[in-house]
Amino acid sequence: MIEKMDLRHLRYFVAVAEEGHFGRAAQHLNIVQPALSMQIRALEEEMGGPLFIRTSRRVQLTEAGGVLLIEARRTLAQAKRAKSVVQEAIRGDIGCVKVGFAGNAVLMGKLINDLREFHRLFPAVEIELHEMAPHRQGEAILEGQLDVGYSPSIGLKLDPQLVTKHIGEWPFLIAMAENHVLAKKKRISLKSLENESLILYAADDGDDGLANLRQHLGMELNSVRRVSSTLGVLTLAAAGVGLALIPASLDTMTIPHLTYRPIAEKEISANLLLVNRADETNGAVLAFLRTSESVINL
């Protein structure tokens with residue numbers, strides 16, 4: 001005797017109702033007829049009354065059996081749909097991926113290439129983009145506001161619960177007004193920056209970002225103006241307010257009266273990292289990470 005009706009018993013019941021015969025239903029279900037008959041009798045006992053009128057040639061539904069047939073078909077259809085939806089979620093075919101990025105990641109091309117390929121492979125997955133400063137991305141990922149982040153290593157606050165992967169790098173350049181005295185040089189030495197007013201991109205990172213940059217460059221930065229947008233940095237540099245230390249990826253932007261020069265002594269570069277939760281289980285996010293790993297930055 002069954003204690004609780006489950007999907008298997010509903011499938012048995014529907015098969016008998018549709019075939020109108022225990023033998024044909026048992027054959028269709030690939031079980032022996034006595035076992036099928038026993039399960040149907042147990043189901044009837046649980047329901048509290050007969051579901052079939054049995055004759056020597058066929059079985060017919062009782063009125064209660066007709067009601068159960070309608071509900072059983074609905075339940076089985078919903079169970080099938082639930083299984084399909086869950087499998088899609090596990091594969092990453094549906095869902096949402098929240099992607100954070102620092103502006104420089106766009107100009108490098110890696111982010112765009114990843115998004116293009118992911119959308120091609122998983123067109124039903126929603127993608128949310130959030131431009132966010134490096135120092136905020138790690139915390140946002142841990143809090144669930146983001147799923148993955150594209151961030152330079154400078155300024156990124158890491159946590160043991162986060163995983164990072166190196167996906168690119170760019171050297172730094174100096175951007176300045178075209179009539180600046182240093183614009184006559186083909187390369188700019190770091191030492192020559194000591195007496196210059198510097199313009200840096202910084203979005204609400206207090207002194208942390210500046211300290212990280214000083215450590216990365218291995219030199220003091222005396223007169224510093226921090227601006228909250230990349231375009232603002234380039235605009236002030238073009239206006240002659242100061243020199244801007246920028247990723248080389250920005251030199252594709254044509255700004256009136258602005259020129260770019262490489263750094264002389266050594267190549268100072270910043271790494272681009274892909275950041276995500278170490279214990280990620282979301283199928284769409286895992287699919288995004290796999291896609292990013294397979295995409296070669298062009």
Side-chain angles (χ1 to χ4, degrees), residues 1-99 114-128 144-148 163 276-295:
M1 178 178 178
I2 59 176
E3 296 181 356
K4 288 187 178 181
M5 178 174 56
D6 59 25
L7 295 179
R8 176 168 57 93
H9 299 113
L10 291 181
R11 283 194 290 269
Y12 288 174
F13 168 77
V14 171
V16 175
E18 290 179 346
E19 294 290 346
H21 192 276
F22 275 91
R24 289 194 297 270
Q27 185 176 10
H28 174 75
L29 294 167
N30 197 29
I31 62 174
V32 296
Q33 182 174 334
L36 176 59
S37 298
M38 182 179 66
Q39 292 295 326
I40 295 299
R41 282 196 298 270
L43 180 60
E44 289 176 320
E45 289 180 16
E46 183 182 356
M47 292 294 103
L51 301 173
F52 294 104
I53 300 172
R54 296 160 173 81
T55 68
S56 58
R57 293 186 176 181
R58 60 175 290 124
V59 293
Q60 295 177 310
L61 286 169
T62 63
E63 182 177 350
V67 172
L68 180 58
L69 180 60
I70 294 173
E71 297 301 325
R73 283 172 171 165
R74 287 176 180 170
T75 300
L76 292 172
Q78 179 60 34
K80 182 178 180 180
R81 180 182 180 279
K83 179 180 178 180
S84 176
V85 170
V86 171
Q87 289 176 334
E88 287 179 336
I90 291 174
R91 292 194 302 268
D93 293 338
I94 60 173
C96 177
V97 181
K98 293 168 285 189
V99 181
D114 287 357
L115 293 174
R116 180 192 294 123
E117 180 65 5
F118 182 73
H119 180 64
R120 183 185 72 82
L121 296 174
F122 302 92
V125 176
E126 181 182 358
I127 300 173
E128 291 184 8
Q145 299 171 16
L146 296 178
D147 294 313
V148 297
V163 174
N276 62 277
R277 288 178 289 269
D279 59 351
E280 185 61 66
T281 60
N282 184 298
V285 178
L286 292 173
F288 186 91
L289 295 171
R290 290 194 300 271
T291 300
S292 175
E293 187 175 358
S294 70
V295 171

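Model, not experiment: these values are computed from the prediction.
- Using a cut-off of 4.0 Å between Lys/Arg side-chain N and Asp/Glu carboxylate O, Lys98 and Glu126 are scored as not salt-bridged.
- Counting heavy atoms from C-beta outward, Tyr12 and Leu43 have side chains that stay 4.5 Å or more apart.
- No donor-acceptor distance shorter than 3.5 angstrom exists from the side chain of Ser292 to the backbone of Phe288, with no hydrogens or angles considered.
- Each ring-ring contact (aromatic ring centres under 6.0 Å, His included) pair with one or both residues in residues 57-76, not counting sequence neighbours, would appear here, but there are none.
- To the nearest 0.5 angstrom, Leu36 atom CG is 12.0 Å from Asn30 atom CG.
- When side chains are defined from C-beta on, Leu146 does not count as touching Val99, because their heavy atoms never get closer than 4.5 Å.
- Closest approach of Cys96 to Asp147, counting heavy atoms only: O-OD2, 3.7 Å.
- The minimum heavy-atom distance linking Gly20 with Arg58 is given by the pair O-CB, 3.2 Å.
- Side chains of Leu286 and Glu280 form a contact here, defined as non-hydrogen atoms less than 4.5 Å apart.
- Within 6.0 Å of atom CD in Glu63, 12 or fewer heavy atoms from other residues, nucleotides or ligands are found, so the atom counts as exposed in its surroundings.
- Using a 4.5 Å cut-off on side-chain heavy atoms (C-beta onward), Asn276 and Val285 make no contact.
- Taking NE2 of His21 as the start and OG1 of Thr55 as the end, the distance is 8.5 Å to the nearest 0.5 Å.
- Salt-bridge formation is not detected for the pair Arg41/Glu44: no Lys NZ or Arg NE/NH1/NH2 atom is positioned less than 4.0 Å from an Asp or Glu carboxylate oxygen.
- Side-chain atoms of Asp114 do not come within 3.5 Å of backbone N or O of Glu117 as any donor-acceptor pair.
- Sorted by first and then second residue, the salt bridge (charged side-chain N to carboxylate O under 4.0 Å, His left out) pairs with a member in residues 21-36 read Glu19-Arg24; sequence neighbours excluded.
- The minimum heavy-atom distance linking Leu7 with Ala79 is given by the pair CD1-CB, 3.7 Å.
- Two residues are said to be in side-chain contact when any heavy atoms from C-beta on lie closer than 4.5 Å; Thr291 and Phe122 meet this criterion.
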Notebook entry, point to check: Stepwise, does the side-chain contact (heavy atoms from CB on, under 4.5 Å) test hold for Glu18 with Arg73?
Noted result: CA-CA 11 Å; Glu18 290 179 346; Arg73 283 172 171 165; 3.2 Å; yes
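- Annotation for Gln145: atom CD counts as buried by contact number, over 12 foreign heavy atoms lying within 6.0 Å.
- Here the shortest heavy-atom pairing between Ala17 and Leu61 reads CB-CD2, 4.0 Å.
- Once rounded to the nearest 0.5 Å, the distance linking CG of Leu51 with CD of Gln60 reads 14.0 Å.
- Between Val97 and Phe118 there is a side-chain heavy-atom pair separated by less than 4.5 Å.
- Counting only residues at least two apart or in different chains, ring-ring contact (aromatic ring centres under 6.0 Å, His included) contacts with residues 29-56 comprise Phe13-Phe52.
- In this structure the side chain of Gln39 reaches within 4.5 angstrom of the side chain of Arg8, judged on heavy atoms.
- Nearest heavy-atom pair, Pro50 versus Thr62, reported as atom, atom and distance to 0.1 Å: O-OG1, 3.0 Å.
- Residues Leu69 and Val14 meet the side-chain proximity criterion, which asks for heavy atoms closer than 4.5 Å.
- Using a 4.0 Å cut-off between charged side-chain N and carboxylate O, Arg290 and Glu293 make no salt bridge.
- Between Leu76 and Arg11, the closest heavy-atom pair is CD2-CG, 3.6 Å.
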